[in-house]
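Just below is one structure, and these are the notes that go with it.
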Number of protein chains: 4
Amino acid sequence: MTATRRGRPPAGPERRNALVQAAYRCLAEGGFERLRMRDVAAGVGIDHSSIHHHFPTKQDLVVAVVDYTTRQFWSTTPPDGGPVERLRHHLATLRQKIVDEPELHIVLRELDLRARRDPELLEIIAGREEGWRSSLRTLLTGAAAAGALAPGVDPATGAELVIATVKGASLASSRAGDVIELLDQLLIRA
Amino acid sequence: MTATRRGRPPAGPERRNALVQAAYRCLAEGGFERLRMRDVAAGVGIDHSSIHHHFPTKQDLVVAVVDYTTRQFWSTTPPDGGPVERLRHHLATLRQKIVDEPELHIVLRELDLRARRDPELLEIIAGREEGWRSSLRTLLTGAAAAGALAPGVDPATGAELVIATVKGASLASSRAGDVIELLDQLLIRA
Amino acid sequence: MTATRRGRPPAGPERRNALVQAAYRCLAEGGFERLRMRDVAAGVGIDHSSIHHHFPTKQDLVVAVVDYTTRQFWSTTPPDGGPVERLRHHLATLRQKIVDEPELHIVLRELDLRARRDPELLEIIAGREEGWRSSLRTLLTGAAAAGALAPGVDPATGAELVIATVKGASLASSRAGDVIELLDQLLIRA
Amino acid sequence: MTATRRGRPPAGPERRNALVQAAYRCLAEGGFERLRMRDVAAGVGIDHSSIHHHFPTKQDLVVAVVDYTTRQFWSTTPPDGGPVERLRHHLATLRQKIVDEPELHIVLRELDLRARRDPELLEIIAGREEGWRSSLRTLLTGAAAAGALAPGVDPATGAELVIATVKGASLASSRAGDVIELLDQLLIRA
DNA sequence: CATGAATGAGGTTTCATTCAT
DNA sequence: AATGAATGAAACCTCATTCAT
């Protein structure tokens with residue numbers, strides 16, 4: 001067997017990922033306000049000073065977490081089908097994710113707030129969000145062309161509405177399902 | 001005589017309010033992550049150890065800020081008129097406030113996140129939000145009765161949609177105006 | 001009796017001075033290499049974090065020590081008499097100080113080296129040394145005018161020789177007495 | 001064949017020397033206060049943990065640097081000629097070295113201070129200095145016998161004066177030239 | 001009420017060193 | 001020999017809090 005020896009944590013680049021995920025969990029639990037290098041280290045079972053071997057500074061770790069978290073969110077496999085179906089599917093996926101993984105969205109909201117005072121994070125997050133935005137616009141434009149959009153809805157503004165509602169709904173995940181369903185209903189013609 | 005002493009900053013309950021407002025400003029600028037008793041004290045020009053005469057502990061100050069901030073938000077003079085007009089007016093007021101005072105809403109989002117780990121805050125905030133919620137329901141029910149609500153919209157769910165959208169829109173105040181206008185348009189029949 | 005209560009360290013500006021002197025002692029014992037805020041604090045019997053109440057940063061403390069140490073050195077009451085007597089007296093005083101308080105000069109050498117990488121210290125030290133230098137020049141010029149200087153000695157260069165020899169001699173205080181005596185003998189005509 | 005392996009940095013004893021010289025450069029730049037194994041390793045392009053294959057501990061490296069540095073200084077080829085010429089030549093050489101290589105002397109002063117708290121270094125340095133001292137005494141005794149020494153100068157004390165002045169002068173290399181020239185002039189009869 | 005001094009827990013980071021590979 | 005990962009002690013600094021004045 002070529003398995004790694006037991007009793008030793010498997011080092012290598014996996015350790016880096018493990019740290020990022022541990023930091024993500026800390027963030028989900030206590031927000032930036034309570035993000036401590038010690039706790040992150042404890043999360044993977046190493047000494048807190050060892051983190052600096054992988055991430056020279058706390059900010060470096062934070063950046064990695066932002067990258068990880070945003071990637072986590074915007075990695076949806078786009079389905080086939082017409083624009084209306086794809087839009088519906090997208091909204092359904094969002095709804096499902098908020099219900100299934102509420103922490104992910106909580107962390108994303110935490111990032112939104114942090115980015116206001118951290119240009120480095122802002123750049124990453126804004127970049128990722130821009131991808132989402134343009135994707136939404138494309139879907140809405142397609143739906144509009146198919147005559148399936150509620151009348152008088154500008155696709156660009158519609159995209160903003162979706163983004164805003166999803167973000168706001170994620171702050172109260174228990175009601176998020178109904179909210180997004182209603183948004184779907186109002187936005188797309190039956 | 002109950003006159004304030006001459007030559008001294010007017011202490012008393014005004015000092016308490018000043019501290020709360022200073023804390024609010026700190027919160028708007030740096031979030032809970034960077035809320036420091038020292039900075040709050042500096043904001044009103046007193047020594048940081050003096051805060052404890054007004055608020056025994058930091059948490060006490062935070063509670064007071066939550067009270068102040070939520071009061072700030074839900075202090076809208078309800079207009080006269082029919083339910084539809086009142087609903088429209090309410091949405092317009094929300095839109096205006098987000099655009100005019102974006103920090104207020106940022107602080108409210110900060111509170112939303114903090115409340116997840118702070119039952120004391122949760123109670124206050126949830127209480128205030130419940131007021132907003134029931135008020136929205138009343139308006140929407142009235143609008144529905146007047147036949148002015150989009151068909152198939154449950155007033156309770158509609159209230160949640162408004163809350164979610166307003167919260168999410170406040171995270172990007174520059175686009176909030178259009179988003180809430182579109183929400184109005186989709187929700188209320190012309 | 002208006003004496004300060006026993007059992008409590010007498011606070012006030014004395015504490016600041018006590019810290020500077022404690023830092024001076026640490027410096028004398030271990031040099032900058034081993035200068036620790038903890039040890040300085042222990043030297044006056046307070047918690048190490050309390051130092052920051054008096055000196056926001058370590059560098060601030062270091063600057064204060066430099067000020068204290070250099071002041072310590074260049075505070076010689078100039079005697080009356082002719083230039084030759086004053087010069088002789090000055091050299092005798094230097095000799096005495098090196099023998100009596102070797103640590104003072106060790107610390108001064110430590111400062112000389114540190115100042116090479118610390119512009120803030122350099123400014124202070126260079127300023128003080130310039131005072132010494134010009135004072136030496138004056139004395140040597142006076143001695144030259146009185147025909148008491150060794151022939152062919154430029155007062156300015158003579159001042160540098162005194163400075164260099166004193167500094168070097170302080171590195172081996174046990175031999176410093178004889179060295180400075182010899183310097184006196186070579187520099188000043190009997 | 002004892003040839004070095006191709007394509008690899010020539011390891012072996014050369015690596016050891018390279019490390020010592022890198023450490024010397026670090027010392028010249030930042031003193032003991034800022035001497036870091038990491039920086040030394042970076043100076044020769046290897047990982048910092050690899051140093052320990054050549055020097056088990058930092059102190060071992062320091063000892064090697066002391067040996068290297070002191071050897072650097074006292075490796076003067078003694079010239080032929082009479083004692084007076086040899087003395088003059090020696091002083092001229094010292095002057096030249098301070099002017100040409102000021103860092104060498106700065107490092108030596110750094111060592112003088114460190115040796116006060118490090119018996120191991122003290123032994124090495126004192127041993128080397130003793131060689132210099134006795135050599136100076138011999139030269140001065142010779143000069144005295146030739147009637148070329150300033151009257152009333154004890155060779156032993158004269159040697160101390162030279163040592164002290166050279167050390168002190170090295171702390172301000174820009175003025176060292178004139179100072180040592182004046183010392184020569186005062187000590188040796190024209 | 002306000003302050004200055006002090007505290008102590010805890011934060012991030014640094015660094016020499018060790019060890020398996 | 002060299003490396004990457006980990007360690008643990010220790011460094012400077014921050015901050016809410018307490019207390020005597």
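Letters A, B, ... mirror the listed sequences (proteins, then strands); counts begin at 1.
For the pair A:R36 and E:dG11, the criterion of a side-chain N or O lying under 4.0 Å from OP1 or OP2 is met. Residue A:R34 has no polar side-chain atom (N or O) positioned under 4.0 Å from OP1 or OP2 of E:dG11. In this structure, C:H48 does not reach the F:dA10 phosphate: none of its side-chain N or O atoms is under 4.0 Å from OP1 or OP2. For A:S50, no side-chain nitrogen or oxygen approaches OP1 or OP2 of F:dA5 to under 4.0 Å. Regarding contacts with the backbone of E:dT13, a side-chain N or O of A:T57 is found under 4.0 angstrom from either OP1 or OP2. Checking the phosphate oxygens (OP1, OP2) of F:dA5, a side-chain nitrogen or oxygen of A:H53 falls inside 4.0 Å.
No side-chain heavy atom of C:V63 sits under 4.5 Å from any side-chain heavy atom of C:F55. Annotation: side chain of C:R34 is not in contact with side chain of C:L27 (no heavy-atom distance under 4.5 Å).
In summary, A:D67 and A:R128 engage in a salt bridge, as defined by a charged side-chain N under 4.0 Å from a carboxylate O.
Comparing F:dA9, E:dA6, E:dG11 by their closest approach to the side chain of C:H54 singles out E:dA6. Out of E:dA9, F:dT3, E:dT17, the shortest distance to the side chain of C:S49 is found at E:dA9. Closest to the side chain of D:R38, from the set F:dT14, E:dC15, F:dC12, is E:dC15.
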Q: Kindly determine whether A:E33 and B:R117 satisfy salt bridge (charged side-chain N to carboxylate O under 4.0 Å, His left out), including the steps that lead there.
A: CA-CA 11 Å; A:E33 196 187 347; B:R117 330 156 202 132; 3.0 Å; yes
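The NE2-P distance, from C:H52 to E:dA9, rounds to 16 Å in whole Å. Going from atom CG of C:L35 over to atom C1' of F:dA11 covers 12 Å, rounded to whole Å. Atoms CZ (C:R15) and P (E:dT3) sit 22 Å apart, rounded to a whole Å. Taking atom CD of residue A:Q59 and atom P of nucleotide E:dT13, one finds them 10 Å apart after rounding to whole Å. Note: CD (A:E14) to P (F:dG4) measures 17 Å, nearest angstrom. Rounding to whole angstrom units, CG of residue A:D47 and C1' of F:dA5 are separated by 12 Å. Between the CG atom of A:L19 and the C1' atom of F:dA5 there is a distance of 12 Å, rounded to whole Å.
Checking B:I46 against A:F55, the closest nucleotide of DNA chain E that is more toward the 5' end is the one next to B:I46. Taking for each of A:M37 and B:G45 the nucleotide of DNA chain E with the nearest heavy atom, the 5'-most of the two is the partner of B:G45.
Heavy atoms of C:I51 sit nowhere under 4.0 angstrom from any nucleic acid atom. Contacts of B:L61 with the nucleic acid, taken as non-hydrogen atoms under 4.0 Å apart, are absent.
Using the Watson-Crick or G-U wobble rule with both distances under 3.5 Å, F:dA9 pairs with E:dT14. In a base pair of the Watson-Crick type (N1 to N3 plus N6-O4 or O6-N4) or a G-U wobble (N1-O2 and O6-N3), with each distance short of 3.5 Å, E:dG4 is matched with F:dC19.
Atom CD of B:E123 has 12 or fewer neighbouring heavy atoms from other residues, nucleotides or ligands inside a 6.0 Å radius. Annotation for B:E29: atom CD does not count as buried by contact number, only 12 or fewer foreign heavy atoms lying within 6.0 Å.
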